[in-house]
Amino acid sequence: MRWAASCIAFSGFFLRREAWSAVEARFERFVCVDAMRDDPQLGFAAYLEAAQRALLELPPPYLLLGHSFGAVPARLLAQRLVPERVRLALISGLAVADGQSAAEAYQATAQRSMSDFCRLDAAQGRVALVDQEAFAVRLHAPDPVPGHSRLAGYEPLSLLVESLPLLPLACPQHYVLCLDDQIADASSQAASAELAGARRLERRGGHMGPLREVGWLDEVCRGWPQCLPGFF
């Protein structure tokens with residue numbers, strides 16, 4: 001069964017739409033515009049405008065998903081939409097305060113993944129992933145890295161350093177907290193959930209676990225209609 005809703009997903013750094021295949025299979029309509037992030041000149045304004053256009057071409061209700069860094073654009077898009085039509089779920093998500101950049105939030109929560117595995121390529125306006133193998137191991141731990149795993153090599157620097165106003169959200173919010181996460185530990189995730197004002201859904205497993213095992217969607221989408229695959 002699929003949820004008869006329209007879903008948009010925002011990926012963590014160095015991940016793209018392919019990471020959401022198990023989630024995508026559970027929705028009648030699914031969009032992800034993260035391929036735009038291969039352009040080092042991309043800023044939040046163009047990113048959010050493209051995401052909003054893609055989502056509003058589809059009928060409500062809307063589910064916004066933000067994994068890791070993707071929680072930042074997911075929350076920013078949610079504040080642009082009618083709250084009665086929207087639900088938001090953050091998955092090991094990074095929550096930023098009003099006017100705070102993602103870089104500042106990473107520092108505040110003592111997350112070292114950016115400094116451990118990345119370098120600043122200021123000349124090209126991007127953040128480069130310099131140790132893909134080691135990053136993939138930590139990303140998927142405690143599970144092994146799947147053979148089909150693929151990572152992007154770069155992210156636009158502007159998405160890391162830009163800060164935008166973020167208003168309190170009126171839509172329902174959940175936070176999937178991964179207790180065995182080796183990218184964002186449980187305490188930093190709990191702080192992000194509190195900052196976002198989201199209801200916590202705790203589960204065993206690592207940073208990528210909820211993108212493969214998607215049972216948590218049943219709680220997030222509770223009350224929405226379902227349909228057989230291929231029918232709406």
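Along the sequence shown, residues are numbered consecutively beginning with 1. Worth knowing before you read on, the calculation uses all heavy atoms, side chains too, and leaves out hydrogens, waters and symmetry mates. Note that the coordinates shown come from a computational prediction; the quantities given were computed from them, not determined experimentally.
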Check whether any side-chain heavy atom of [X] sits under 4.5 Å from a side-chain heavy atom of [Y], and report yes or no.
X: Pro146; Y: His140; value: yes
X: Cys178; Y: His207; value: no
X: Phe13; Y: Arg37; value: yes
X: Met208; Y: Asp143; value: no
X: Val96; Y: Ser101; value: no
X: Leu63; Y: Val220; value: yes
X: Asp185; Y: Asp181; value: no

What is the distance from atom [atom1] of [X] to atom [atom2] of [Y], rounded to the nearest 0.5 Å?
X: Leu64; Y: Arg87; atom1: CG; atom2: CZ; value: 12.5 Å
X: Leu139; Y: Ser68; atom1: CG; atom2: OG; value: 7.5 Å
X: Glu24; Y: Leu65; atom1: CD; atom2: CG; value: 11.5 Å
X: Glu18; Y: Arg150; atom1: CD; atom2: CZ; value: 4.5 Å

With sequence neighbours excluded, residues passing side chain to side chain contact (heavy atoms under 4.5 Å, CB included) with Ala141: Gln182
Residues forming a side chain to side chain contact (heavy atoms under 4.5 Å, CB included) with Arg26, sequence neighbours excluded: Trp3, Val214, Leu217, Asp218, Gln226
Side-chain donor-acceptor pair present, Ser92, Gln189, cut-off under 3.5 Å: yes
Heavy-atom neighbours of Glu194 CD exceed 12 at 6.0 Å: no
So which atom in [X] and which in [Y] form the shortest heavy-atom distance, rounded to 0.1 Å?
X: Val31; Y: Arg17; result: CA-NH1, 4.4 Å
X: Arg16; Y: Tyr154; result: NH2-O, 3.4 Å
X: Glu28; Y: Ala4; result: CB-CA, 4.4 Å

Phe69 ring center within less than 6.0 Å of Phe10 ring center: no
Mutual orientation of the aromatic rings belonging to Phe30 and Trp20 [parallel < 30°, tilted 30-60°, perpendicular > 60°]: tilted
Charged tip of Arg85 within 45° of Tyr62 ring normal and under 6.0 Å: no
Leu166 backbone acceptor or donor facing Asp98 side chain under 3.5 Å: yes
